[in-house]
Amino acid sequence: MGPDDISRFHQTLEGRMRESNRSSNVPRFVKRVELVQKQTIMHYQTQQSQPFLKIVVALPTMVASCRGILERGITIEGLGSKSFLTYESNILFALRFMIDRNIVGGNWIEIPAGRYRKAARVMSYCQLELDCLYSELVSHAAEGEYSKMAPFRILSFDIECAGRKGHFPEPTHDPVIQIANLVTHQGEGQPFVRNVMTLKSCSPIVGVDVMSFDTERDILLAWRDLIREVDPDIIIGYNICKFDLPYLIERAEVLKIAEFPILGRIRNSRVRVRDATFSSRQYGVRESKDVTIEGRVQFDLLQAMQRDYKLSSYSLNSVSAHFLGEQKEDVHHSIISDLQNGNSETRRRLAVYCLKDAYLPQRLLDKLMYIYNYVEMARVTGVPISFLLSRGQSIKVLSQLLRKAKQKNLVIPNIKGQGSGQDTFEGATVLEARAGFYEKPIATLDFASLYPSIMMAYNLCYCTLVPPEDARKLNLPPESINKTPSGEIFVKPELQKGILPEILEELLAARKRAKADLKEAKDPLERAVLDGRQLALKVSANSVYGFTGATVGQLPCLEISSSVTSYGRQMIEHTKKLVEDKFTTVGGYEHNAEVIYGDTDSVMVQFGVSTVEDAMKLGREAADYISGTFTKPIKLEFEKVYFPYLLISKKRYAGLYWTNPGKFDKMDAKGIETVRRDNCLLVKNLVTECLHKILVDRDVPGAVQYVKNTISDLLMNRVDLSLLVITKGLTKTGEDYAVKAAHVELAERMRKRDPATAPTVGDRVPYVIIKAAKGAKAYEKSEDPIYVLDNNIPIDPQYYLENQISKPLLRIFEPILKNASKELLHGSHTRSVSISTPSNSGIMKFAKKQLTCLGCKAVISGDSQTLCSHCKGREAELYCKTVANVSDLEMLFGRLWTQCQECQGSLHQDVLCTSRDCPIFYRRRKAQKDMAEARLQLDRWDF
DNA sequence: GGTTTTCCCTAG
DNA sequence: TGAGCTAGGGAAAACC
């Protein structure tokens, strides 16, 4: 293409753009077409650069349309028809701008004095508004003064709505009755604004500005005004993205308050709500809503929790209990209307509750140092802070890649869904596990940052890859290339340094610096920043490999990812061989070393020595010796000793973890029931306790006894319902499941009972297994724990014994105990007669009520109301027993009630909490039921 | 009644 | 204008 061709190309493209954007009255679509010298990032090239066309369009939105036209192909006069591969044509505009101006997320930006002027036309609600040329922005790297955090204003809020009886609130019907708000300066301990807006009067609350309104319209507008006045940088809350924010917007729409949804920093720009689904392998499918509020970051603590922590429940209540050690009242939505319709005292009650829901997200934000960690992550990867919650991992890698590529004059092709040959590749080796209970110390050797090290050591990158056809053509000398174990060819750094290795080197070097600075740092805030940074750097380094293997991602390159794993496989095998060859009696050591297990980047070695100290010494020796055989920077490290060590199978083990010979650090368990979220607490606690007794106390008989007691309690119905709750994630929508499963079927049944509160995709479903006909499938026996509690439905202890407890226990005990099965599961403790729970469900509804003797539970045939003929004469004794029973249960209930009152923060009010995450709640409900039953029995004596 | 498939969750 | 990866155990349903 010569200059004339470019001009023709420009005109043709302009014409095509005009055709496909007829409605637009833009004078010109394509601003410029320039010839530039660039290089593609893909494959090693011998020439430095080649000509590319750089197309500049009038508006960002035109890029996509332009890309479509070029990809489909255009006909240029004199050149014929041609379709084009486009480069960097699918980059989010904000990111493109930031990359071009060298700006990262969480960045400090300077607009130098004299380089700006007061805004000619005010377009925003910002306190300062000015005009300047985009190229005048000066981006400051996060160092020294510029590593400090800005004093963001953070608004934390929560709304309450009055649902109709038995229905979850819907914006089309149900009013917003309260909004609680806290505003805090980032880094300060206390909020400087605390208020609650209520519909109708509300009694005063100490330290809180109570603002009461007569109409909903007034509340909504007052909240909008608060936003304007406070002008928060960050809006936080719990589930605000999926519930509170859309609810407010939709409610204002229903009420026709057109002036409400202007909450952003741009004047006259309305907040838009869009349904959104996010789906990734890592986070699963998640339905949410996109709410656009310009200039304010929405930070939903629920989303953050779901991304950063694996928990069995994500209710605000359960998360607060977990991280803040504090329970929160959980008021069922049906009670909220009653409180609203009461008086100013009951509304005050609700307001206190609402305020707490606004306060807890702020507490979580502070406690988990979210602002520090997320700002550091944004700075390291370069993406805006908002991406960290709304987008996946790959955008972070892409952002770094684009920045690095720009420095090197490389451009990244837009290859959408273009599967590069095979679509899967072989992963890591997991060494065969020699299962057993090891009473000699086991040393663990680990490769440090294995995959990043491999990519650095062998210069694996898009731009160093030599495809087979090029390899023949280029005829590269063997000493300047590496052939990977998977057969791929990459050039060595002398010919072309890879940019992935360069990114990794920088990330790991920066992490080393951050860790060194962390050691020096005294100021807790500075430490928080540095720790957040080193963590962000580690996570970023580790996800580069994943990015190259993401076949549905932005720039998959399986040649890189499969080479990485192939080196990894070779290395773990090599390590195992070296250990077993060198550490032998023949080689002058006391014992023959054995590798008993290993996974991806680690090997577990039994050196045969009997003290932790000796195992550590040999571990260090082995690590140093073997490290020497690998290309830099690959390094094998001695990390820890397990002693004793219980190896159950691949990816499943437990042991005491030692890093110094004096004392073990902790009990470590991997993969087994104790660390899994889909087991009920009974199993988790039982397994943990047994492991503790076996590994720490070395008391196997004690562990056996503990098992027996637990089983006996279970069969006697003496176990709390909260311990029997199993939770599983709902990973797809109902119809997408190929087979029936307990949690899926239950979610479906719950949806029929109340569609608004039933679990949806991405939620975790708690359930218990209830008694049912023999041979019934588990999915027919699953039930909502609250429903079970309220309707007194009997659970199925046998199921818990056979399907939950027994296998995990046998797996642990079998390596240790002969006849484990007989000993644990078939003793006399399993023959305890279970007291059948009285039932008013199912078949029992049809059975005729028959009185049973209060003494021996035999059916009474005579005309007596209390005792059978055998127990006649024991009246006094049995009456006293009944009275004592009632009083015991009353005391128990009273204690639990007080405990709940303390939790809700008031000893003078009813307990409203129905939290299914709280064991106390289950016990309180059960005590209440038991007490009522006992009282009924007592009443029978009143003849 | 044994084998295969599906699903969940974890290790690394 | 979207999504890191594979290996693997174990429970339960579905299949033959």
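Here is the naming used below: chain letters follow the sequence lines, and residue numbers restart at 1 for every chain.
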Quiz item: In terms of side-chain heavy atoms of A/K310, which of C/dC5, C/dG10, B/dT10 is nearest?
Solution: B/dT10
Exercise. Identify whether the distance between the nearest side-chain nitrogen and carboxylate oxygen of A/E745 and A/K777 falls below 4.0 Å.
Key: no
Exercise. Scan A/S543 against the nucleic acid and name what it touches under 4.0 Å (heavy atoms): base, sugar-phosphate only, or nothing.
Key: nothing
Self-check item: Along DNA chain C (nearest heavy atom to each residue), the more 5'-positioned of A/V430 and A/N542
Solution: A/N542
Quiz item: Which whole-number value in Å describes the distance from A/Q400 CD to C/dG4 C1'?
Solution: 13 Å
Self-check item: Ring centers of A/Y458, A/F490 separated by less than 6.0 Å
Solution: no
Residues 63-74 of chain A, side-chain donor-acceptor partners within the protein, below 3.5 Å, at least two apart:
| residue | atom | partner | partner atom | Å |
| --- | --- | --- | --- | --- |
| A/S65 | OG | A/N21 | ND2 | 3.3 |
| A/R67 | NH1 | A/S89 | O | 2.7 |
| A/E71 | OE2 | A/T86 | OG1 | 3.4 |
| A/R72 | NE | A/G68 | O | 3.4 |

Exercise. Indicate, with a heavy-atom threshold strictly under 4.0 Å, whether A/A64 touches base, sugar-phosphate, or nothing.
Key: nothing
Quiz item: What nucleic acid atoms does A/Y653 come within less than 4.0 Å of, heavy atoms only: base, sugar-phosphate, or nothing?
Solution: sugar-phosphate
Quiz prompt | Sugar-phosphate only, base, or nothing, as touched by A/Y737 at under 4.0 Å among non-hydrogen atoms | solution = sugar-phosphate
Quiz item: Does A/E802 pair with A/K807 as a salt bridge, N-O distance under 4.0 Å?
Solution: no
Quiz item: Looking across every strand, which nucleic acid part, if any, lies under 4.0 Å from A/G427 by heavy atom: base, sugar-phosphate, or nothing?
Solution: sugar-phosphate
Exercise. Report yes or no: is the cationic atom of A/K666 (NZ for Lys, CZ for Arg) under 6.0 Å from the centre of the six-membered ring of A/Y657, at an angle within 45° of the ring normal?
Key: yes
Distances under 3.5 Å only, N/O to N/O: pair up the protein atoms with those of nucleotides 14-16 of chain C.
| residue | atom | partner | partner atom | Å |
| --- | --- | --- | --- | --- |
| C/dA14 | OP1 | A/K740 | N | 3.4 |

Quiz item: If you look at every strand shown and take non-hydrogen atoms under 4.0 Å, does A/R764 touch a base, only sugar-phosphate, or nothing?
Solution: sugar-phosphate
